[in-house]
Enquirer: 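Sharing a structure below in structure tokens format, with a few things to ask.
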Amino acid sequence: MMRVLRVSLSAVFALSAFLGASSFAQNDATVGSGSTLPKDSAAAHLSPMSDSEKAQLAEKVRAETLYAWEGYKKYAWGHDALKPLSRQGFDWYGEGHSLLMTPVDALDTLTIMGLKAQADEARQIIDTKLNLDQDIYVKDFEITIRLLGGLISSYELTGDNRLLELADDLGRRMLPMFDSPTGMPYEFVNLHSGAVRGTRSNPAEIGTLLIEYGMLARHTGKQMYYDKAKHALVELYKRRSSIGLVGSEIDVETGKWTDPAAGIMGGIDSYYEYLLKASILFGDQDCARMWEESVRAIDKYLADEQPTGLWYGHADMNSGERTHTFYGALDAFYPAVLALGDDVHRAEELQASSFKMWNVAGIEPEQFDYAKMQITAPGYELRPEIIESTYYLYHYTHAPQYLAMGRTYFDSLVKYCRTDDGYAALADVRTKKKRDSMESFFFAETLKYLYLLFAPESTFDFNSIIFNTEAHPMQRKIGLRAQD
């Protein structure tokens, strides 16, 4: 009962901050631009959305997913991604070196949405055309969260053994990246030769591996996958500062920090996320302890109470001294992690701040100075994090403002990012100038979280899975299997 009361009150407090967003509109892009949110009535914000309205929105998201998929299929089939303005395919590692990023990233989303024909064609091209034996240096982080995570998740959803075979083959090819003196992975590994390069890495790239390699270990029985990823995570954690923070760059051979900037921003973000999620998915008590100690340092040195609300800024990892009042699209993942970690009140406060950032220009920027309420990096990459946090908070509170937020995100995406053949990132949220990019995570995360926010809860059992940082769901019952 006390927990229910806490959530209810915190929803009211967050709503008050949420309604105050209109004070910070700037230029000619007003708060709620492209939004169906009523601006004047608190009661309207609190009115529940009917099941029929939610179903209609879920179907609209599903239709837009199909629309973007058809654009990819028409102009970029067999390539990693679609360039939606020039109507061309794009391959990360050069022409002829596709790793089918979009089909792999999209497959579990298509499956969850019931787009069977599209899911079947994605699975068919992966099963028959995905070639991992290529002489290319791939980035450990992106290949792990997108490709390995997508293959494992889709195997769990479909039972297609070929997907697990590909995941195991990929895992084997990636293992040499862990062969540094510290056990922390090199940034790049060659899929054909196993050669490595890139000694300077960051906490996200080092610490965002355990969910994928841990689940690969569970499915294959090859414990080395779990052990190597866990060792890398622990070695990184051991090098935190005396006040409990990590920096932005570290040398994986020497173990020395080369950039002491601390925060929850990109380059660090999912390291913290995986401490908590791995503790839940695998019942790993080491990860639980590391998370609990880390979140105390985060709250003490990075949280920043401002007149405009709760934010998280940058600080020096050694002194804790504030260095920047920057927050951005990637930082907006943190309310979801706080909610998963049972700090719903703080999650709601931070989510209200994230939504203010979104409304400054009608769509969120890559980076924002919350002390000045000004945009400092104006791009929008079709990122999902703010939607992810909205989905988590709606799951835990069922507060109607989170559905209203979701409607705002969807309306903004359609109004500003939709093209004749898909969706495009924005070069500048202030002018809404488009950029020729539709990353695979738009399918894996942005559209999936929007859909699940509005779809019936029976569509997907939130409590039976843990999402990796690319929104690929992993089954908890498999993660909790006893190690051999």
Enquirer: What closest approach, in Å, do S294 and Y272 show between heavy atoms, and which atom pair accounts for it?
Expert: CB-CE2, 3.8 Å

Enquirer: More than 12 heavy atoms of other residues, nucleotides or ligands under 6.0 Å from NZ of K60: is that the case?
Expert: no

Enquirer: Quick check: do E366 and L330 have side-chain heavy atoms less than 4.5 Å from each other?
Expert: yes

Enquirer: So, do F442 and E381 sit near enough that their side-chain heavy atoms are less than 4.5 Å apart?
Expert: no

Enquirer: Salt bridge between D428 and R435, side-chain N to carboxylate O under 4.0 Å?
Expert: no

Enquirer: Given 3.5 Å as the limit, does a donor-acceptor pair link the side chain of K139 with the main chain of T144, or not?
Expert: no

Enquirer: Any side-chain donor-acceptor pair under 3.5 Å between W77 and E121?
Expert: no

Enquirer: Does any part of the side chain of I143, heavy atoms only, come nearer than 4.5 Å to the side chain of M101, both counted from C-beta?
Expert: yes

Enquirer: Between A106 and F443, what is the shortest heavy-atom contact and its length?
Expert: CB-CB, 3.6 Å

Enquirer: Given the rule in the side chain to side chain contact (heavy atoms under 4.5 Å, CB included) test, do C287 and Y274 qualify, once you have shown the distances and angles that lead to the verdict?
Expert: CA-CA 8 Å; C287 290; Y274 272 37; over 6 Å; no

Enquirer: In Å, rounded to the nearest 0.5 Å, how long is the span from OG1 of T397 to CD of E348?
Expert: 5.0 Å

Enquirer: Do you know which two heavy atoms are closest between L393 and A339, and how far apart they sit?
Expert: CD2-CB, 4.2 Å

Enquirer: What is the distance from atom CD1 of I152 to atom CG of L216, rounded to the nearest 0.5 Å?
Expert: 5.0 Å

Enquirer: Side-chain contact test, heavy atoms from C-beta onward, threshold under 4.5 Å: evaluate it for Y416 versus K434 and give yes or no.
Expert: no

Enquirer: What is the minimum heavy-atom distance between L210 and A278, and which atoms define it?
Expert: CD2-CB, 3.8 Å

Enquirer: Let me confirm one number: the CH2-CD1 distance from W291 to I298, rounded to the nearest 0.5 Å.
Expert: 5.5 Å

Enquirer: The test is side chain to side chain contact (heavy atoms under 4.5 Å, CB included); show your working for K74 and L82 and say whether it passes.
Expert: CA-CA 9 Å; K74 182 176 182 180; L82 168 67; over 6 Å; no

Enquirer: Has the side chain of R240 got a donor or acceptor atom that lies under 3.5 Å from a matching backbone atom of Y237?
Expert: yes

Enquirer: Does the side chain to side chain contact (heavy atoms under 4.5 Å, CB included) test come out yes or no for R346 and D299, once each step is laid out?
Expert: CA-CA 10 Å; R346 185 176 286 260; D299 288 347; 3.8 Å; yes

Enquirer: Side chains of L233 and M290: closer than 4.5 Å at any heavy-atom pair?
Expert: yes

Enquirer: For L276, is there any backbone N or O sitting under 3.5 Å from a side-chain donor or acceptor partner on S279?
Expert: yes

Enquirer: Do we see a donor-acceptor contact under 3.5 Å between the side chains of D316 and T323?
Expert: no

Enquirer: Under a 4.0 Å threshold between the charged nitrogen and the carboxylate oxygen, would R62 count as salt-bridged to E59?
Expert: yes

Enquirer: ring-ring contact (aromatic ring centres under 6.0 Å, His included) for Y213 and Y226? Distances and angles first, verdict last.
Expert: CA-CA 5 Å; Y213 288 96; Y226 192 103; over 10 Å; no

Enquirer: Which pair of non-hydrogen atoms, one from L413 and one from L382, has the smallest distance, and what is that distance?
Expert: CD2-CD2, 4.1 Å

Enquirer: Verify side chain to side chain contact (heavy atoms under 4.5 Å, CB included) between L453 and L403, making sure each step is shown before the conclusion.
Expert: CA-CA 7 Å; L453 176 63; L403 296 176; 4.0 Å; yes

Enquirer: Salt bridge (Lys or Arg N to Asp or Glu O under 4.0 Å) for E70 and K73? Distances and angles first, verdict last.
Expert: CA-CA 5 Å; E70 290 300 321; K73 192 169 73 169; 3.7 Å; yes

Enquirer: For D80, does its backbone N or O pair with a side-chain atom of T102 as donor and acceptor, under 3.5 Å?
Expert: yes

Enquirer: Salt bridge between K448 and E445, side-chain N to carboxylate O under 4.0 Å?
Expert: no

Enquirer: Check whether the side chains of S50 and E53 place a donor and an acceptor atom closer than 3.5 Å, and report yes or no.
Expert: yes

Enquirer: Would you please name every residue forming a side-chain contact (heavy atoms from CB on, under 4.5 Å) with F90, sequence neighbours left out?
Expert: K83, W92

Enquirer: Without swapping roles, check the side chain of D304 against the backbone of G313 for a donor-acceptor pair under 3.5 Å.
Expert: no

Enquirer: Quiz question: by atom type and distance under 3.5 Å, do the side chains of T308 and Q306 form a donor-acceptor pair?
Expert: no

Enquirer: Does the side chain of T325 pick up a donor-acceptor pair with the side chain of D369 at under 3.5 Å?
Expert: yes

Enquirer: Inspect the contact between D411 and K415 and indicate whether a charged nitrogen and a carboxylate oxygen are less than 4.0 angstrom apart.
Expert: no

Enquirer: Please check this pair: side chain of N359 against backbone of G362, looking for a donor-acceptor N/O pair closer than 3.5 Å.
Expert: no

Enquirer: Taking the side chain as everything from C-beta on, heavy atoms only, tell me whether I125 gets closer than 4.5 Å to L100.
Expert: yes

Enquirer: Parallel, tilted or perpendicular for F368 and W311, by the 30°/60° rule?
Expert: tilted

Enquirer: Under a 3.5 Å threshold, yes or no: a donor from one side chain and an acceptor from the other, between S201 and E249?
Expert: no

Enquirer: What is the minimum heavy-atom distance between V429 and P365, and which atoms define it?
Expert: CG2-CB, 4.1 Å

Enquirer: With a 4.0 Å cut-off on N to O distance, would you call E439 and R146 a salt bridge?
Expert: yes

Enquirer: Looking at W358, Y391, F454, Y380, which hits ring-ring contact (aromatic ring centres under 6.0 Å, His included) with Y409?
Expert: W358

Enquirer: Between S412 (side chain only) and I363 (backbone N and O only), is there a donor and an acceptor less than 3.5 Å apart?
Expert: no

Enquirer: What distance do Y392 atom OH and L452 atom CG have between them, rounded to the nearest 0.5 Å?
Expert: 10.5 Å

Enquirer: Short question: side chain of S353, backbone of G309 - any donor-acceptor pair under 3.5 Å?
Expert: no

Enquirer: With a 4.5 Å limit on heavy-atom distance, are the side chains of F333 and I264 in contact?
Expert: yes

Enquirer: For a quick test of your reading: what N or O donor-acceptor pairs under 3.5 Å do the side chains of residues 456-469 make, sequence neighbours left out?
Expert:
{"residue": "E457", "atom": "OE2", "partner": "H398", "partner atom": "NE2", "Å": "2.4"}
{"residue": "T459", "atom": "OG1", "partner": "P456", "partner atom": "O", "Å": "2.8"}
{"residue": "D461", "atom": "OD1", "partner": "N463", "partner atom": "N", "Å": "3.2"}
{"residue": "S464", "atom": "OG", "partner": "D461", "partner atom": "O", "Å": "2.8"}
{"residue": "N468", "atom": "OD1", "partner": "E470", "partner atom": "N", "Å": "2.9"}
{"residue": "N468", "atom": "OD1", "partner": "A471", "partner atom": "N", "Å": "3.1"}
{"residue": "N468", "atom": "OD1", "partner": "H472", "partner atom": "N", "Å": "2.7"}
{"residue": "N468", "atom": "ND2", "partner": "I145", "partner atom": "O", "Å": "3.1"}
{"residue": "N468", "atom": "ND2", "partner": "E212", "partner atom": "OE2", "Å": "2.9"}
{"residue": "T469", "atom": "OG1", "partner": "E273", "partner atom": "OE1", "Å": "2.8"}

Enquirer: Taking R481 for the side chain and R476 for the main chain, is one N or O donor matched with an acceptor at less than 3.5 Å?
Expert: no

Enquirer: Got a second to check how far D105's CG is from S154's OG, nearest 0.5 Å?
Expert: 9.0 Å

Enquirer: Decide yes or no for D420 and P84: does some side-chain heavy atom of the first lie under 4.5 Å from some side-chain heavy atom of the second?
Expert: no

Enquirer: Assert yes or no for the condition that the ring centre distance of Y334 to Y312 is strictly below 6.0 Å.
Expert: yes

Enquirer: Distance-only, no hydrogens or angles: does the S389 side chain make a donor-acceptor pair with backbone N or O of A332 under 3.5 Å?
Expert: yes

Enquirer: Using ring centroids (six-membered ring only for Trp), state whether F326 and Y370 fall under 6.0 Å.
Expert: no

Enquirer: If you measure from CG on L302 to CG on L245, what distance do you get to the nearest 0.5 Å?
Expert: 5.0 Å

